[in-house]
Asks: 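Below you'll find the structure I mean.
All residue numbers in this chain count up from 1 along the given sequence.
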Amino acid sequence: MAALSSPLRVYRGILKELRAIQGPAYKKSLMYSYVMDQFRKNQVTGERYCRAQQEAHHDAHTYLCMLASTRNQVILHNFYQGKDEVSLEAAAGLVGLRLPTQPGGKGWEK
C-alpha cells in the first residue's frame with residue numbers, strides 16, 4: 001500500500017476542494033463542520049496509537065481524491081461538451097460517410 005500524506009496536508013486539501021465547490025461561504029456548510037469534527041475527533045496524542053485513526057486518515061484521503069476527481073470531471077465535461085448539437089447526417093458528413101437509404105421507397109428517406 002502506498003504511503004499516505006500527512007493528515008494536515010489531507011485536511012488542507014479537503015478544505016481547498018470545499019472552497020472551490022462552495023466559494024467563500026464554505027465555512028458555513030455542513031460538510032465543513034463535519035470535516036472539522038472528524039479531524040478533531042481523530043487527532044492522535046502522544047499516548048495513543050490506534051487503528052481507527054489510520055482508518056480515518058485513509059477515509060479522509062479517499063474523500064479528498066473523490067472531491068478532486070469530481071471537480072476535474074466537471075471541468076472536462078464542460079470543456080468537451082458539445083456546444084452545438086449536429087444532426088446525424090451532418091455528423092456522418094464530417095467523417096466522409098453517408099447514411100444508408102431504405103430501398104423500396106418506404107417514404108421516410110429523403
Side-chain angles (χ1 to χ4, degrees):
M1 181 173 136
L4 295 174
S5 56
S6 73
L8 183 60
R9 180 171 287 186
V10 172
Y11 175 72
R12 286 180 180 166
I14 290 174
L15 293 183
K16 176 185 166 201
E17 294 298 328
L18 289 178
R19 214 175 305 123
I21 293 169
Q22 297 181 345
Y26 74 99
K27 288 187 177 181
K28 296 175 184 156
S29 70
L30 291 174
M31 285 191 295
Y32 176 79
S33 60
Y34 179 77
V35 168
M36 291 288 290
D37 290 341
Q38 290 300 310
F39 269 90
R40 286 184 182 138
K41 186 171 81 173
N42 289 302
Q43 283 181 343
V44 175
T45 63
E47 295 88 32
R48 88 173 186 192
Y49 178 82
C50 63
R51 187 173 183 89
Q53 191 271 339
Q54 294 295 326
E55 290 173 1
H57 182 215
H58 183 267
D59 290 344
H61 193 267
T62 304
Y63 185 61
L64 172 62
C65 181
M66 190 261 321
L67 286 174
S69 298
T70 303
R71 182 178 46 86
N72 288 335
Q73 188 271 336
V74 168
I75 290 170
L76 287 173
H77 177 74
N78 290 337
F79 183 75
Y80 288 109
Q81 174 181 335
K83 304 280 188 248
D84 300 324
E85 292 295 324
V86 295
S87 67
L88 195 57
E89 293 85 11
L94 286 174
V95 294
L97 299 174
R98 289 184 312 131
L99 292 178
T101 58
Q102 178 76 19
K106 296 287 184 184
W108 52 268
E109 73 276 349
K110 294 179 183 176

Asks: Please tell me if the side chains of I21 and Y26 come closer than 4.5 Å, counting only heavy atoms from C-beta onward.
Replies: no
Asks: Can you tell me how far CZ of R9 sits from NZ of K16, rounded to the nearest 0.5 angstrom?
Replies: 11.5 Å
Asks: So, for A60 and F39, which heavy atoms are closest and what is the spacing to 0.1 Å?
Replies: CB-CZ, 3.7 Å
Asks: If I take atom NE2 from residue H77 and atom CG from residue N72, how far apart are they, to the nearest 0.5 angstrom?
Replies: 14.5 Å
Asks: I need the M36 CE to L15 CG distance, nearest 0.5 Å.
Replies: 7.5 Å
Asks: If you draw a 6.0 Å radius around CZ in R12, do more than 12 non-hydrogen atoms from other residues or ligands fall strictly inside?
Replies: no
Asks: Considering all heavy atoms of both residues, which atom of L99 and which atom of A92 are nearest to each other, and what is their separation?
Replies: CD2-CB, 4.3 Å
Asks: With a sphere of 6.0 Å drawn around CG of L30, does it hold more than 12 non-hydrogen atoms of other residues, nucleotides or ligands?
Replies: no
Asks: Stepwise, does the side-chain contact (heavy atoms from CB on, under 4.5 Å) test hold for Y11 with L64?
Replies: CA-CA 8 Å; Y11 175 72; L64 172 62; over 6 Å; no
Asks: For R71, I'd like to know if atom CZ has over 12 heavy atoms of other residues, nucleotides or ligands within 6.0 Å.
Replies: yes
Asks: Quick one: pull up NE2 in H57 and CD in Q38 and give me the separation to the nearest 0.5 Å.
Replies: 14.0 Å
Asks: Side chains of M31 and Y63, heavy atoms from C-beta outward: is any pair under 4.5 Å?
Replies: yes
Asks: Does M66 belong to the same Ile/Leu/Val/Met/Phe/Trp/Tyr cluster as Y32, with side-chain heavy atoms less than 4.5 Å apart forming each link?
Replies: yes
Asks: Once rounded to the nearest 0.5 Å, what's the spacing between atom CD of E17 and atom SG of C65?
Replies: 10.0 Å
